[in-house]
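Per chain, numbering begins at 1; letters A, B, ... match sequence-line order. All of these numbers come straight from a predicted model, not from anything done at the bench.
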2 protein chains.
Amino acid sequence: MKIGELAKRTGVSIRSLRYYEQQGLLVPLRHDNGYREYSPFVVDQVRTIQLYLNLGLSTEQIAGFLQCVLKNKEAFCDEVLPIYQQKLKEIDAQIQLLSHIKQNLIDRIDSILLERTHQSEEERK
Amino acid sequence: MKIGELAKRTGVSIRSLRYYEQQGLLVPLRHDNGYREYSPFVVDQVRTIQLYLNLGLSTEQIAGFLQCVLKNKEAFCDEVLPIYQQKLKEIDAQIQLLSHIKQNLIDRIDSILLERTHQSEEERK
DNA sequence: CTTGACTCTTACATCGATGTTAGGGTTTAA
DNA sequence: TTAAACCCTAACATCGATGTAAGAGTCAAG
């Protein structure tokens with residue numbers, strides 16, 4: 001199938017499919033006219049790519065183990081686990097940072113509301 | 001004081017100080033030779049800017065209320081509260097997304113480890 | 001007067017997946 | 001044959017605070 005149909009079937013934009021190819025995630029055949037030709041199996045491959053992107057992995061990381069996981073179970077691909085664990089660390093760090101900021105915001109919001117309450121009480125006198 | 005000293009006193013890079021000015025957060029005087037001249041009060045002003053940046057606010061948002069909060073309590077500046085509340089919403093959304101991904105990663109890691117455990121047991125037979 | 005330390009402006013680079021556009025071939029159905 | 005619908009490459013834009021570098025002027029101490 002050509003790129004337009006693959007885009008429709010996967011819900012991934014043509015732009016992104018070309019980008020994945022540039023990053024080495026997809027290697028379509030080429031017709032004489034330069035058009036890309038994709039095997040039907042590639043639909044699943046694209047969905048797999050999307051799955052990993054949604055886990056926050058970069059195309060570079062995905063490229064490192066995609067060929068393996070397409071043929072085997074993840075547990076068989078030694079590159080996957082360390083990447084997952086590293087990503088988990090990063091996510092934890094981000095969550096911690098965001099939680100800190102969140103508490104900070106909550107405190108400041110409360111402080112403003114409290115101050116306004118006081119002010120209203122003053123005015124009522 | 002000149003920009004270099006302000007940078008030293010605040011720990012903010014010269015580059016950033018110029019950027020803040022470009023964003024309308026700082027308005028230093030200019031000497032005849034073009035050098036920026038900062039009042040000593042600006043040290044606190046820069047610290048205030050940093051504080052808001054660390055809350056995840058953009059320079060544009062900060063510019064919207066900086067003049068007010070420099071002269072009054074935050075509770076007096078009507079622009080602040082809605083920005084805090086909106087930021088809080090965004091942070092919550094991000095935390096939720098990250099938590100979702102985190103759980104997903106944990107599940108996949110567990111799955112891999114479990115599968116390897118099984119495999120080891122098989123091999124032991 | 002000279003040299004080192006400052007300062008100035010302008011502008012490109014970062015990070016990364018995706019959008020968008022321009023300019024130009026190809027295919028297909030009417 | 002023509003027009004619509006596809007496809008191609010190349011390249012700029014996004015988002016935003018900050019780093020970095022080039023080229024040039026200024027100032028201060030020796």
Return no unless some side-chain N or O of [X] is found under 4.0 Å from OP1 or OP2 of [N].
| X | N | answer |
| --- | --- | --- |
| Asn33(A) | dT27(C) | yes |
| Tyr20(A) | dT18(C) | yes |
| Ser13(B) | dT18(D) | no |
| Arg36(B) | dT7(C) | no |
| Tyr19(A) | dA17(C) | yes |
| Tyr35(A) | dG25(C) | no |

Same cluster (ILVMFWY, side-chain, under 4.5 Å), Leu70(B) and Ile83(B): yes
Output the rounded distance in Å from [atom1] ([X]) to [atom2] ([N]).
| X | N | atom1 | atom2 | answer |
| --- | --- | --- | --- | --- |
| Leu6(A) | dC8(D) | CG | C1' | 16 Å |
| Leu25(A) | dG16(C) | CG | P | 14 Å |
| Tyr38(A) | dC7(D) | OH | P | 10 Å |
| Gln50(A) | dG16(C) | CD | P | 17 Å |
| Glu21(A) | dG16(C) | CD | C1' | 18 Å |
| Leu17(A) | dA17(C) | CG | P | 14 Å |
| Glu5(A) | dT28(C) | CD | C1' | 15 Å |
| Ile3(A) | dG25(C) | CD1 | C1' | 16 Å |

Nearest-nucleotide comparison on DNA chain D, the residue closer to the 5′ end among Glu60(B) and Ile14(A): Ile14(A)
Mapping Arg18(B) and Ser58(B) to their closest nucleotides on DNA chain D, which lands nearer the 5' end? Ser58(B)
Walk me through it: do Tyr38(B) and Gln45(B) pass the test side-chain hydrogen bond (donor to acceptor under 3.5 Å, both in side chains)? CA-CA 11 Å; Tyr38(B) 295 93; Gln45(B) 186 168 345; over 6 Å; no
Return whichever of Arg30(B) or Lys8(B) has its heavy-atom-nearest nucleotide of DNA chain C closer to the 5' end. Lys8(B)
Side-chain heavy-atom pair Tyr84(B), Gln61(B) within 4.5 angstrom cut-off: no
Are the side chains of Leu98(A) and Lys102(A) in contact, using a 4.5 Å heavy-atom criterion? no
Verify whether one side chain among Gln86(A) and Glu90(A) offers a donor that lies under 3.5 Å from an acceptor in the other. yes
So which nucleotide from dA17(C), dA17(D), dC8(C) ends up closest to the side chain of Thr59(B)? dA17(D)
Residue Arg15(B), side-chain heavy atoms: nucleotide from dC8(C), dA17(D), dC12(C) that is nearest: dC12(C)
